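This report refers to the structure that appears directly beneath it.
These numbers were taken from a predicted model, which means no experiment stands behind them. As a basis for the values below, the full set of heavy atoms in this structure was taken, side chains included, without hydrogen atoms, waters or symmetry mates.
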Amino acid sequence: MNHIYIKELLASTEFDREVTAKGWVRTRRGNKNLAFIELNDGSTINSLQIVAELAAFDEQTIKNITTGACISVTGILVKSPGAGQLAEIQAKNIEIYGCSDETYPLQKKGHTLEFLREIAHLRPRTNTFGSVLRIRHALAFAIHKYFNDRGFYNIHTPIITGSDCEGAGEMFAVTTLDLNNVPKNPEGAIDFQQDFFGKETHLTVSGQLEGELAAMALSLIYTFGPTFRAENSNTPRHLAEFWMIEPEMAFYELEDNMNLAEDFLKTVIGHALEHCADDIAFLSKLYDAELKNRLDLIVSEKFQRLTYTEAIDILTASEKKFEFPVKWGSDLQSEHERYLVEQHFHKPVILTHYPKDIKAFYMKQSEDGKTVKAMDVLFPGIGEIIGGSQREDNYDKLLNRIREMGLKEADFWWYLDTRKFGACPHSGFGLGFERLVQFVTGMSNIRDVIPFPRTPKNSEF
RNA sequence: UCCUCCUUAGCUCAGUUGGUUAGAGCAUUUGACUGUUAAUCAAAGGGUCCCUGGUUCGAGUCCAGGAGGGGGAGCCA
């Protein structure tokens with residue numbers, strides 16, 4: 001069991017000692033006398049070269065060391081006499097844990113990302129997915145660390161919910177009813193009283209409302225959990241199952257919310273730049289030469305802040321022909337957001353004070369009576385990465401909005417209660433985790449930043 | 001869901017105006033080679049041309065329907 005991970009072996013300067021390495025064979029090459037084996041154990045993108053003198057091993061052992069096989073190697077760690085790597089192992093003993101025959105789908109040549117999606121059970125063994133998964137972890141860790149360092153508490157909000165939180169988005173039904181024989185009530189509708197929870201339930205589309213309840217006690221909280229949308233969205237930016245981060249802060253107003261969002265993004269992206277330099281360099285080289293520069297820009301540039309109304313003025317004055325017209329009161333289209341970020345300001349943008357009719361019921365109404373204290377953070381390439389707002393904490397105004405938007409007030413009795421008992425100004429935002437991972441890895445399709453993507457017509461693995 | 005493009009060997013692709021036995025590179029197998037870096041060189045094996053139906057003397061190629069995938073849009077995170 002005492003083996004050393006390749007990341008540590010490659011960083012070591014303690015040569016001429018016996019070590020054991022374990023991992024999966026990327027490729028084997030060689031000649032009549034020597035075999036060179038590239039071994040990778042996922043601890044780093046870099047592989048370790050194993051050198052085996054053919055005379056010292058039986059023929060079958062060498063033959064079994066094929067691409068994809070899993071082996072354990074014991075030998076002497078030495079300075080490599082060849083170019084291309086600093087260290088290598090001169091093998092003394094090789095144990096084969098698992099063979100891999102010629103039907104192994106991963107070749108040492110490049111594969112398309114589309115093909116790799118079809119073999120999602122094996123794609124973690126590629127350089128690209130190794131990098132993506134290590135970066136994904138680093139970001140998740142940095143997010144927890146960021147909030148923990150600042151006194152936030154992580155709240156586990158429910159995955160099964162009895163409320164249609166924001167009244168937006170299709171939801172997945174959760175039921176134990178027999179779908180071949182659904183019980184009906186006297187009115188002919190489905191009788192959910194006979195269902196497991198005694199009422200209609202769904203998978204959550206957001207933990208925000210429950211998060212707000214916790215913030216009204218612990219002051220600073222965040223959620224980081226799975227989220228589900230049953231929309232028939234077929235795009236490189238949507239998943240049916242994804243992970244969302246939603247901080248909620250008592251006593252924060254819109255300005256504080258913006259400051260937190262900006263500092264948060266800079267810190268977690270900075271963490272990835274510092275701890276995943278090899279992986280980011282690899283992804284830059286293979287997919288997107290501008291990746292590193294773009295990440296550096298996020299960390300160094302102050303985000304541009306402006307109101308929705310100011311943005312409309314800029315778009316109107318731009319004289320650029322947009323496919324969709326620019327009009328106060330309409331939501332901004334992708335092309336509008338991208339123009340602001342990529343062509344006008346050349347840096348991240350935070351837009352605030354959207355018209356109330358295009359935003360959710362819980363957002364704090366502004367003094368002007370027309371807008372709400374919303375904020376969207378827009379990034380180059382991907383558009384909106386964060387959406388948030390100060391929350392409406394006035395009981396009457398909130399109830400009014402619920403009624404105006406045709407929501408059932410009975411469903412929100414517990415949410416309304418927080419505005420009845422000890423209400424206070426508070427704010428929060430939501431961040432789609434995979435969108436962040438997409439931005440940091442430069443992967444253009446969101447299906448390539450989650451191990452096993454869930455999308456319409458796809459639930460394999 | 002809408003628009004658009006694509007589907008030929010394990011992978012990436014070529015395949016002429018519809019015409020004999022469907023090709024290449026890589027991968028695989030075998031052989032050669034004294035330190036290779038996606039090693040190199042030589043040879044061999046490998047095909048439900050996405051599926052169903054149609055047109056035609058003849059369909060990988062043309063037509064219709066279906067399935068799957070890519071890109072764009074909408075919804076959104």
Establish, with yes or no, whether the OP1 or OP2 oxygen of [N] is under 4.0 angstrom from a side-chain nitrogen or oxygen of [X].
X        : N     : result
A:Thr112 : B:U12 : yes
A:Lys63  : B:U30 : yes
A:Asn445 : B:G71 : yes
A:Ser334 : B:G74 : yes
A:Asn31  : B:G35 : yes
A:Arg117 : B:G70 : yes

Go ahead and name the base partner of [N]; Watson-Crick or wobble counts if both distances stay under 3.5 Å, otherwise write none.
N     : result
B:C33 : none
B:U1  : B:A73
B:U7  : B:A67
B:G18 : none
B:A44 : B:U28

Given the structure, check if the side chain of [X] and the base of [N] hold any donor-acceptor pair shorter than 3.5 Å.
X        : N     : answer
A:Ser233 : B:C75 : yes
A:Glu114 : B:G71 : no
A:Asn234 : B:U1  : yes
A:Glu102 : B:U29 : no
A:Gln333 : B:G74 : no

Just call it for [X]: base, sugar-phosphate, or nothing, with non-hydrogen atoms closer than 4.0 Å on any strand.
X        : answer
A:Thr27  : sugar-phosphate
A:Phe242 : base
A:Pro81  : base
A:Gln85  : base
A:Glu88  : base
A:Ala35  : nothing
A:Glu335 : nothing
A:Gly387 : nothing
A:His111 : sugar-phosphate
A:Ser80  : base
A:Gln107 : base
A:Arg447 : sugar-phosphate
A:Leu106 : nothing

Report the distance from atom [atom1] of [X] to atom [atom2] of [N], rounded to the nearest whole Å.
X        : N     : atom1 : atom2 : value
A:Lys32  : B:U40 : NZ    : P     : 20 Å
A:Arg338 : B:C76 : CZ    : P     : 19 Å
A:Glu460 : B:G69 : CD    : P     : 11 Å

CG on A:Leu54 to CD1 on A:Ile62, rounded to 0.5 Å: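 If we round to the nearest 0.5 Å, A:Ile62:CD1 and A:Leu54:CG are 5.5 Å apart.
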Backbone N/O of [Y] and side chain of [X]: donor-acceptor pair under 3.5 Å:
X       : Y       : answer
A:Ser12 : A:Leu9  : no
A:Asn64 : A:Thr61 : no
A:Asn40 : A:Trp24 : no

Carefully, step by step, assess A:Arg229 and A:Thr227 under the rule side chain to side chain donor-acceptor pair (under 3.5 Å). CA-CA 7 Å; A:Arg229 301 279 166 87; A:Thr227 310; over 6 Å; no
B:G72 to B:G66 separation - C1' atoms, rounded to the nearest Å: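 Taking atom C1' in both B:G72 and B:G66, they lie 24 Å apart.
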Using the ring pair (Phe, Tyr, Trp, His ring centres under 6.0 Å) definition, which of the options A:Tyr153, A:Phe141, A:Phe264 pairs with A:Phe147?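 For A:Phe147, the ring pair (Phe, Tyr, Trp, His ring centres under 6.0 Å) check succeeds only for A:Phe264.
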Relative to the 5' end of RNA chain B, which residue comes earlier, A:Phe115 or A:Pro236, by the nucleotide with the nearest heavy atom?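 Nearest nucleotide further toward 5': that of A:Phe115.
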Working note: A:Ser72 + A:Glu95, criterion side chain to side chain donor-acceptor pair (under 3.5 Å); need CA distance, chi angles, decisive distance, verdict. CA-CA 5 Å; A:Ser72 171; A:Glu95 184 188 347; 4.8 Å; no
